[in-house]
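Structure first, commentary second.
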Amino acid sequence: MERYTGAFEEAVDGARQQERHYQLLSALQSLVKELPSSFQQRLSYTTLSDLALALLDGTVFEIVQGLLEIQHLTEKSLYNQRLRLQNEHRVLRQALRQKHQEAQQACRPHNLPVLQAAQQRELEAVEHRIREEQRAMDQKIVLELDRKVADQQSTLEKAGVVGFYVTTNPQELTLQMNLLELIRKLQQRGCQVGKTAL
């Protein structure tokens with residue numbers, strides 16, 4: 001008798017999973033219609049079905065939410081680093097202006113043109129250094145964000161989410177961003193495990 005009960009429960013679970021798969025697939029098909037037609041063409045029925053299967057147990061929703069939180073923290077940290085650098089540069093410029101004004105006030109009039117020329121060279125050197133530091137900071141930010149994207153791609157690929165692998169191809173990146181947007185919209189609609197409100 002227990003054997004039949006177990007088989008019956010497995011059949012009910014399978015039917016629930018199948019129904020859940022159809023709900024997710026239907027929701028995905030509906031959401032895809034909001035994307036540009038060039039991406040709609042790239043998201044076949046099979047791709048959407050595979051994505052729905054990956055979303056069945058809710059783990060992918062949790063992974064995407066975790067990746068999003070990590071991304072926000074990274075972006076905030078990088079933004080704060082850039083702000084600190086800009087503030088340091090602002091303070092440096094103010095100190096240099098103050099130093100130049102004091103030197104000009106203490107300077108004898110006949111030496112003023114020589115002093116101003118030297119100060120101009122110093123100012124140009126400082127501005128060059130500031131531009132180089134800002135450029136280096138911006139490069140660091142771009143590299144860090146690129147690394148974060150690659151980490152996200154790798155994580156989602158390992159989780160079995162269709163369409164995700166490490167790439168820098170702009171078309172593939174845009175497709176992956178659209179897939180992520182579909183997942184986020186499903187999540188916002190409450191299409192997680194145990195929820196039927198689509």
Side-chain angles (χ1 to χ4, degrees), residues 6-83 137-198:
F8 177 73
E9 287 175 4
E10 283 181 29
V12 169
D13 284 346
R16 274 194 214 122
Q17 289 284 78
Q18 190 65 35
E19 176 63 26
R20 179 92 181 102
H21 178 254
Y22 286 138
Q23 287 175 343
L24 287 167
L25 180 57
S26 175
L28 283 168
Q29 288 173 319
S30 171
L31 288 170
V32 164
K33 292 176 184 171
E34 299 170 14
L35 294 175
S37 60
S38 59
F39 291 104
Q40 288 181 28
Q41 295 168 2
R42 296 198 54 203
L43 296 172
S44 67
Y45 177 86
T46 305
T47 301
L48 294 176
S49 180
D50 289 346
L51 180 57
L53 283 172
L55 298 173
L56 269 179
D57 71 356
T59 304
V60 172
F61 290 118
E62 293 172 16
I63 291 169
V64 168
Q65 186 61 39
L67 291 174
L68 188 62
E69 290 169 8
I70 292 167
Q71 179 178 334
H72 286 163
L73 289 173
T74 302
E75 288 171 353
K76 186 176 182 178
S77 171
L78 293 170
Y79 175 76
N80 287 334
Q81 288 176 36
R82 194 166 198 289
L83 275 183
M137 173 61 78
D138 290 344
Q139 283 181 330
K140 174 189 170 202
I141 288 170
V142 168
L143 287 173
E144 181 62 30
L145 292 174
D146 285 348
R147 270 196 296 276
K148 198 56 62 187
V149 167
D151 289 347
Q152 291 171 345
Q153 292 169 328
S154 176
T155 299
L156 291 167
E157 180 182 25
K158 289 174 185 168
V161 182
V162 66
F164 283 91
Y165 58 93
V166 178
T167 181
T168 56
N169 179 313
Q171 289 178 317
E172 294 302 311
L173 285 170
T174 304
L175 180 64
Q176 290 178 353
M177 288 169 36
N178 283 319
L179 288 170
L180 269 177
E181 188 61 24
L182 292 174
I183 293 168
R184 293 284 298 139
K185 284 182 178 179
L186 281 178
Q187 192 172 28
Q188 289 167 354
R189 285 185 174 188
C191 294
Q192 296 170 6
V193 176
K195 296 184 181 178
T196 57
L198 297 176

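Owing to the predicted nature of the structure, the values given are computational and were not obtained by experimental measurement.
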Side chain to side chain contact (heavy atoms under 4.5 Å, CB included) assessment of Glu172 paired with Arg42 | CA-CA 10 Å; Glu172 294 302 311; Arg42 296 198 54 203; 2.5 Å; yes

Take Arg147 and Glu144, measure what salt bridge (charged side-chain N to carboxylate O under 4.0 Å, His left out) needs, and give me the verdict at the end.
-> CA-CA 5 Å; Arg147 270 196 296 276; Glu144 181 62 30; 2.9 Å; yes

Ile183 and Leu186: side chain to side chain contact (heavy atoms under 4.5 Å, CB included), yes or no, with the steps?
-> CA-CA 5 Å; Ile183 293 168; Leu186 281 178; 5.7 Å; no

Stepwise side chain to side chain contact (heavy atoms under 4.5 Å, CB included) check, Phe164 with Gln152 | CA-CA 9 Å; Phe164 283 91; Gln152 291 171 345; over 6 Å; no

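Remark: Glu19 CD to Leu24 CG distance equals 10.0 Å, nearest 0.5 Å. The distance from the CZ atom of Phe39 to the CD atom of Gln171 is 7.5 Å, given to the nearest 0.5 Å. Note that CD of Gln81 is 7.0 Å distant from CD1 of Ile141, once rounded to the nearest 0.5 Å. From Leu179, atom CG reaches atom CG of Leu156 across 9.5 Å, with rounding to the nearest 0.5 Å. Here Leu35 contributes atom CG and Leu182 contributes atom CG; the two are 5.0 Å apart, rounded to the nearest 0.5 Å. Atom CD in Glu62 sits 12.0 Å away from atom CG in Leu67 (nearest 0.5 Å).
With hydrogens and angles disregarded, no donor-acceptor distance shorter than 3.5 Å links the side chain of Ser77 to the backbone of Leu73. Checked by atom type and distance alone, the side chain of Gln71 never pairs as donor or acceptor with a backbone atom of Lys148 at under 3.5 Å. Judged by distance alone, the side chain of Gln40 and the main-chain N or O of Lys33 form a donor-acceptor pair under 3.5 Å. With hydrogens and angles ignored, the 3.5 Å screen pairs a side-chain donor or acceptor of Thr174 with a backbone N or O of Pro170. Side chain of Gln176 to main chain of Tyr165: a donor-acceptor pair is present (N/O by atom type, distance under 3.5 Å, no hydrogens or angles). Here the side chain of His21 pairs a donor or acceptor atom with the backbone of Ser49 at under 3.5 angstrom. Checking side-chain atoms of Ser26 against main-chain N and O of Tyr22 turns up no donor-acceptor pair under 3.5 Å.
The two residues Gln153 and Val166 come nearest to each other via the heavy atoms OE1-CA, 3.2 Å. Minimum interatomic distance between Leu55 and Phe61 (heavy atoms only, all atoms of both residues): O-CE1, 3.8 Å. Looking at every heavy atom in both residues, Ala54 comes nearest to Gly160 through CB-O, 3.8 Å.
The only option from Leu28, Leu31, Val32, Leu51 that meets the side-chain contact (heavy atoms from CB on, under 4.5 Å) definition with Leu43 turns out to be Val32.
A donor atom on one side chain and an acceptor atom on the other are not found under 3.5 Å apart for Arg20 and Gln17.
Taking the side-chain hydrogen bond (donor to acceptor under 3.5 Å, both in side chains) definition, one finds that Glu69 meets it with Gln65, sequence neighbours left out.
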